[in-house]
There are 2 protein chains.
Amino acid sequence: MGENYSIGEFSKKTATTIRTLHYYDELGLLKPSYVSEKGRRYYTDKDFITLQRILALKFLGYSLEQIKEFFQKKTWDLMHSLSFQRNEMVQKKEQIENVIKALDRALHIVEDRNEIEPSVFITLINTIQMENEQKEWLKGYIDKDLVEEIYSLPENEQLELEKKWVELSTELKKLADLDHEDDRVQVLIGDMMSLVNDLTGDDLAFVQEISDKEVEDEIWLFHSPFTAEEEEWMANALDTYLKRKGVHLNNEDGTKES
Amino acid sequence: MGENYSIGEFSKKTATTIRTLHYYDELGLLKPSYVSEKGRRYYTDKDFITLQRILALKFLGYSLEQIKEFFQKKTWDLMHSLSFQRNEMVQKKEQIENVIKALDRALHIVEDRNEIEPSVFITLINTIQMENEQKEWLKGYIDKDLVEEIYSLPENEQLELEKKWVELSTELKKLADLDHEDDRVQVLIGDMMSLVNDLTGDDLAFVQEISDKEVEDEIWLFHSPFTAEEEEWMANALDTYLKRKGVHLNNEDGTKES
DNA sequence: ACTTGCTTCTCACGTTACGTGAGGATTTAT
DNA sequence: ATAAATCCTCACGTAACGTGAGAAGCAAGT
């Protein structure tokens with residue numbers, strides 16, 4: 001009951017390490033009730049209660065420094081303190097949820113194809129990570145409602161789109177040594193475009209718009225998975241594609257039969 | 001395009017502090033493409049891509065050390081790595097959710113009564129924190145199904161019970177200088193008992209059972225909000241209560257009218 | 001050439017809550 | 001008394017930078 005425990009006994013009873021008790025002593029958070037002449041620490045039941053307090057507050061996410069203050073201050077606005085702490089924790093939780101979401105999406109894409117281009121992978125993560133910033137950024141370039149629409153896709157459609165995008169990007173990178181007018185390339189470019197169309201409706205022009213914008217002074221928000229050379233190659237391929245498409249459209253508009 | 005950026009320019013473009021870039025250089029994570037004779041660092045677009053990779057992986061919760069390894073290793077089991085990371089994050093999330101739950105319950109109790117006995121408060125947090133450990137512990141003493149039943153109460157009932165428990169504990173502590181046979185004390189003890197009854201059905205004996213158990217060698221899992229003296233006082237009050245109740249019960253059993 | 005002013009450089013200590021020895025003193029058991 | 005536990009006090013290590021301190025580099029104006 002009213003016994004004195006050596007630090008070893010006390011640490012076993014409380015499932016706390018000796019080092020931790022030393023540390024709390026050093027901080028002045030929990031001084032043992034009795035210290036022998038030659039410096040040995042002895043704890044009592046009273047100290048146990050103090051330790052419980054410390055552990056409880058630590059569990060709630062307070063730092064040892066804050067706990068020390070609580071112990072010293074007479075007045076402690078519990079209500080305010082608790083709800084503040086709650087906010088902190090909720091934020092942390094949301095942050096973690098974002099990470100989990102990103103991991104899930106990455107996993108979904110990686111699951112069948114165990115190999116993935118690092119650059120494509122990184123771009124994907126960046127896209128997920130900066131979804132919100134990107135939303136704001138994109139709103140500067142295309143219609144706001146459209147942006148909201150893009151990001152309000154149902155979960156699984158989003159996943160499928162991402163998957164397709166990864167596949168196409170990967171394939172395109174593989175073909176980067178072919179001529180940009182090669183049919184295989186043009187097919188992929190076409191697929192890429194129709195993927196974009198799925199998102200943007202039929203506003204093909206928006207692709208051009210975006211690529212023409214000035215971004216000199218801004219922070220580099222994201223980069224494509226393609227190198228500078230690949231980007232140029234793709235730009236050419238895209239030009240070719242649009243030209244042919246234009247012709248094709250004209251054909252359709254003019255004479256229905258080729 | 002293919003420019004060289006000073007560390008200041010680069011840090012602005014990438015929204016990364018200079019110190020961070022210094023640090024990554026030191027770790028060998030991101031060495032600037034070019035270093036002048038007198039030690040000035042100059043970065044290029046290639047470095048930007050590397051930085052993006054670092055940031056993306058950091059976002060997913062990897063340490064800089066791990067990221068360094070990823071960069072060095074030829075083979076990188078992405079699938080396994082990602083799902084492992086997912087588990088880690090989910091655990092973290094659950095931990096935080098527990099904390100939030102505890103904060104919510106504490107807030108609910110504190111909300112009207114802005115003042116609360118520290119000892120009562122700590123006990124409450126401990127109770128919440130160690131709910132699972134307690135469940136296992138209690139199962140050693142009372143019926144397992146009963147334990148499950150206690151903890152499977154609907155959310156709001158749980159909250160109300162806790163609230164009542166805090167109120168009663170607080171009131172009891174206030175009356176601790178009165179005689180344990182005082183009627184006001186006995187009323188509170190009665191309330192406490194009926195609260196316990198709400199949880200345990202009519203098994204009054206279980207209170208006795210628990211208090212008689214040996215706990216000498218075990219880790220101290222929890223403590224009551226009462227001091228040693230208060231506990232003795234309460235034990236006496238409880239004795240008195242049970243005795244009177246016994247008489248009363250006998251009365252009821254024997255002669256229905258007093 | 002000199003001064004002003006801005007940028008960058010390299011130490012190097014501070015942060016948080018302990019973990020992990022090192023080396024010596026003290027207590028307990030035999 | 002001697003061996004075996006236990007405990008003591010330094011004191012460095014951790015992760016990812018933040019934050020000066022003091023000195024040097026660099027472009028521009030006088």
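Labels below follow one simple rule: chain letters A, B, ... track the order of the sequence lines, proteins then strands, and each chain is numbered from 1. These numbers come from the heavy atoms of this one structure, side chains and all, not from hydrogens, waters or symmetry mates.
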Closer than 4.0 Å, any side-chain N/O of B:Thr17 to the OP1 or OP2 of D:dG18? yes
Work out which heavy atom in B:Arg86 is nearest to a heavy atom in A:Leu107; give both atom names and the distance. CD-CD1, 3.9 Å
Could you check which of C:dC9, D:dA16, D:dC8 has an atom nearest any side-chain atom of A:His22? D:dC8
Run the salt-bridge test on B:Lys12 and B:Glu9 with the 4.0 Å N-O cut-off and return the result as yes or no. no
Atom-pair distance (CD on B:Glu65; P on D:dG13), nearest Å: 16 Å
Length of the line joining A:Glu26:CD and D:dC12:C1', which is rounded to integer Å: 14 Å
With no hydrogens and no angle check, do the side chains of A:Tyr62 and A:Ser81 hold a donor and an acceptor under 3.5 Å apart? yes
Within less than 4.0 Å of OP1 or OP2 of D:dC17, is there a side-chain N or O belonging to B:Lys58? yes
Is B:Thr16 reaching over with its side chain to a backbone N or O of B:Thr14, donor-acceptor style, under 3.5 angstrom? yes
Using the side-chain heavy atoms of B:Arg40, tell me which of these nucleotides is nearest: C:dA17, C:dT8, D:dC7. C:dT8
Between D:dC26 (C1') and B:Ile7 (CD1): distance, integer Å: 16 Å
Taking atom P of C:dT8 as reference, at what distance in whole Å does atom CG of B:Leu21 sit? 10 Å
Could you pick out which residue, A:Ser36 or B:Gly39, lies toward the 5' side of DNA chain C when each is mapped onto its nearest nucleotide? B:Gly39
Whole-Å gap separating P (C:dA17) and OH (A:Tyr23): 6 Å
Out of C:dC18, C:dC9, D:dG18, which nucleotide sits closest to the side chain of B:Thr20? D:dG18
Rounded to the nearest angstrom, tell me the gap between atom CG in B:Leu29 and atom P in D:dA16. 9 Å
By the 4.0 Å heavy-atom rule, please label B:Ile18 as base, sugar-phosphate, or nothing. sugar-phosphate
Does the base of C:dT8 carry an N or O that pairs as donor and acceptor with the side chain of B:Arg41 under 3.5 Å? no
Without decimals, in angstroms, what is the distance between B:Glu37 CD and D:dG25 P? 11 Å
Answer with base, sugar-phosphate or nothing: what part of the nucleic acid does A:Tyr24 contact at a heavy-atom distance below 4.0 Å? sugar-phosphate
Between B:Glu160 and B:Lys163, is there a salt bridge with N-O shorter than 4.0 Å? no
Could you tell me how far apart A:Asp25 (CG) and D:dC8 (P) are, to the nearest whole angstrom? 9 Å
State which of D:dA16, C:dC9, C:dC18 makes the closest approach to the side chain of A:Arg19. C:dC18
